[in-house]
A.B. asks: 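For reference, the structure I am asking about is given below.
Since the structure is predicted, the reported quantities are computational estimates derived from the model, not experimental observations. Counting starts at 1 for both ligands and their atoms, in listed order.
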Amino acid sequence: MSIKLAIAPIAWTNDDLPELGKENTFEQCISEMALAGFTGTEIGNKYPKDPEVLKSYLAPRGLSVASAWFSALLTTKPYEETKEAFIKHRDFLHAMGAKVIVVSEQGHSIQGQMDTPVFKEKPIFSEEDWKLLTTGLEKLGEVAAEKDMKIVYHHHMGTGVQTTAEIDRLMKETDPNKVSLLFDTGHLVFSGENPIEVYRAHKDRIFHIHFKDIREAKMAEVKENESSFLTGVKEGVFTVPGDGMIDFAPIWEEIEKDHYSGWIVVEAEQDPAKANPFIYAQNARNYIRDITKL
Ligand SMILES: O=C1[C@@H](O)[C@H](O)[C@@H](O)[C@H](O)[C@H]1O
Ligand SMILES: [Co+2]
């Protein structure tokens, strides 16, 4: 598989904040994804849970499933609990033809807390947390490999794996054959990281990419006002590539040079009432065409 372009449904209806875009229907979302020129989608909470039903909606629109988010609780719950939920998630994605499973550790996470300042209260994993996380992820990687799939770890604002140092530690302390990495440009810049430095350091482990941009003024406001992650989302800290502060051209150069093969997913959770998801999807598709010729 070379590079294919997908888009995340979170721009139409937000899984973390369901009131954002609750009026947008599943069929409107996937039709507009296709109309905007994407051939892939990640899974949203309005998507049918039955693989055959979901395929009957996606196939006429030329859409495939790139992946879906899975919240692991390896640092706060027994491994068996996460494993049971993970197997269900894996089997659904396998039935949909996905090759990678997006995993993010949500133990101690503050990303879902409306009133917790995302920078000031960022969780720091203990040594015990790191042991539980790295061993648990390697076991999930083995479970994914039973279906010839990989787990791609989503570093994320407001969690114990957010910064370059934490990403470096996770990669160092896990087996490359069992744990791969998702590269999300928006979360790196929001956290103050250098995306190109992270890409270069872990390019051999990156098997899934989220192209997400940042509105610099909104990012500054989140810091100044000690806002939560979700407040930042509502205020528009995230936007589509080409609409924010990130120059994707040098990032694309690294990806192309590295002969990356897999999905690049446009993702920008923001208020659909302020940022029409279809128009923003179209703008993103045009920007990506301009810088990548894809
Ligand atoms: O980047 C993302 C987050 O911002 C968001 O919180 C998650 O729901 C998405 O699945 C993830 O890809
Ligand atoms: Co993401």
A.B. asks: Could you list which atoms of ligand 1 come closer than 4.0 Å to a heavy atom of Glu267?
C.D. replies: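 In order of number, 1 (O), 2 (C), 9 (C), 10 (O), 11 (C), 12 (O).
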A.B. asks: Give the numbers and elements of all ligand 1 atoms closer than 4.0 Å to a heavy atom of Ile10.
C.D. replies: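 Selected atoms, number and element: 8 (O).
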A.B. asks: Judging by distance only, is a nitrogen or oxygen of Glu42 under 3.5 angstrom from one on ligand 1?
C.D. replies: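 Between Glu42 and ligand 1, no N or O pair is found under 3.5 Å apart.
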A.B. asks: Let me have the donor-acceptor pairs involving side chains of residues 235-248, under 3.5 Å, with sequence neighbours excluded, atom names and distances please.
C.D. replies:
residue, atom, partner, partner atom, Å
Thr239, OG1, Arg215, NH2, 3.2
Thr239, OG1, Asp243, OD2, 2.6
Thr239, OG1, Gln270, NE2, 3.4
Asp243, OD2, Arg215, NH2, 3.2
Asp247, OD1, Ala249, N, 3.0

A.B. asks: Closer than 3.5 angstrom, by distance alone: can the side chain of Asp175 be matched with the main-chain N or O of Asn177 as a donor-acceptor pair?
C.D. replies: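 Between the backbone of Asn177 and the side chain of Asp175 there is a qualifying donor-acceptor contact (under 3.5 Å).
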A.B. asks: Going by the order shown, which atoms of ligand 1 are within less than 4.0 Å of some heavy atom of His210?
C.D. replies: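 Result: 12 (O).
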A.B. asks: Indicate yes or no: does an N/O atom of Trp69 lie under 3.5 Å from an N/O atom of ligand 1?
C.D. replies: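 Between Trp69 and ligand 1, no N or O pair is found under 3.5 Å apart.
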A.B. asks: Hey, which atoms in ligand 1 end up nearer than 4.0 Å to a heavy atom of Asp184?
C.D. replies: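 Listed by number with element, the hits are 1 (O).
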A.B. asks: Does at least one non-hydrogen atom of Met157 fall below 4.0 angstrom from an atom of ligand 1?
C.D. replies: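 Contact check Met157 vs ligand 1: negative.
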A.B. asks: Indicate whether any N or O donor in one side chain lies under 3.5 Å from an N or O acceptor in the other, for Glu193 and His155.
C.D. replies: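 Their side chains do not contain a donor-acceptor pair, so the 3.5 Å distance test is not met.
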A.B. asks: Near the Co ion (ligand 2), which protein N/O/S atoms are found at less than 2.8 Å?
C.D. replies: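 Within the sphere that stays under 2.8 Å of the Co ion (ligand 2), the protein atoms of type N, O or S are His154 NE2, Asp184 OD2, His210 ND1, Glu267 OE1.
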A.B. asks: Which residue owns the protein heavy atom closest to atom 4 (O) of ligand 1, what's the atom, and how far is it?
C.D. replies: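 Nearest neighbour among protein heavy atoms for atom 4 (O) of ligand 1, to 0.1 Å: Glu269 OE2, 2.4 Å.
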A.B. asks: Tell me the salt bridge (charged side-chain N to carboxylate O under 4.0 Å, His left out) pairs involving residues 281-294, sequence neighbours left out?
C.D. replies: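 As it turns out, there is no salt bridge (charged side-chain N to carboxylate O under 4.0 Å, His left out) pair with a partner in residues 281-294 once direct neighbours are skipped.
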A.B. asks: As an exercise, identify every atom of ligand 1 less than 4.0 angstrom from a heavy atom of Phe229.
C.D. replies: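 Per the distance check, 4 (O), 6 (O).
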A.B. asks: Identify whether the distance between the nearest side-chain nitrogen and carboxylate oxygen of Glu173 and Lys131 falls below 4.0 Å.
C.D. replies: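 A salt bridge is absent here (no side-chain N lies under 4.0 Å from a carboxylate O).
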A.B. asks: Are Lys46 and Phe26 in a cation-pi setup, meaning NZ or CZ lies under 6.0 angstrom from the ring centre and within 45 degrees of the ring axis?
C.D. replies: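 No, cation not above the ring by the 6.0 Å, 45° rule.
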A.B. asks: Quick check, are the ring centers of His154 and His187 under 6.0 angstrom apart?
C.D. replies: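 Centroid separation for His154 and His187: below 6.0 Å.
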A.B. asks: Who's the nearest protein heavy-atom neighbour of atom 3 (C) of ligand 1, and how far?
C.D. replies: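 Answer, as residue, atom name and distance: His156 NE2, 3.1 Å.
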A.B. asks: Quick one: side chain to side chain donor-acceptor pair (under 3.5 Å) partners of Glu197, sequence neighbours excluded?
C.D. replies: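 So Glu197 forms no side chain to side chain donor-acceptor pair (under 3.5 Å) with any residue.
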A.B. asks: What protein heavy atom is closest to atom 6 (O) of ligand 1, reported as residue, atom name and distance in Å?
C.D. replies: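 Nearest neighbour among protein heavy atoms for atom 6 (O) of ligand 1, to 0.1 Å: Asp16 OD2, 2.6 Å.
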A.B. asks: With side-chain hydrogen bond (donor to acceptor under 3.5 Å, both in side chains) as the test, would you mind laying out the steps for Tyr47 and Thr41 before giving the verdict?
C.D. replies: CA-CA 11 Å; Tyr47 285 43; Thr41 175; 2.7 Å; yes
A.B. asks: Consider ligand 1: state whether an atom of it lies below 4.0 angstrom from any non-hydrogen atom of Lys212.
C.D. replies: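 Within the 4.0 Å threshold, so yes.
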A.B. asks: Test ring-ring contact (aromatic ring centres under 6.0 Å, His included) on His210 and Trp69; report intermediate values, then the result.
C.D. replies: CA-CA 12 Å; His210 284 178; Trp69 168 283; 8.4 Å; no
A.B. asks: Sub-3.5 Å donor-acceptor pair from the side chain of Lys122 to the main-chain atoms of Thr159, do we have one?
C.D. replies: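 Yes: the side chain of Lys122 pairs with the backbone of Thr159.
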A.B. asks: Using 30° and 60° as the class limits, which term best fits the ring planes of Phe70 and His89: parallel, tilted or perpendicular?
C.D. replies: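 Aromatic pair Phe70/His89 classed tilted.
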A.B. asks: Show which atoms of ligand 1 fall inside a sub-4.0 Å distance from at least one heavy-atom site of Gln111.
C.D. replies: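 That gives atoms 6 (O) of ligand 1.
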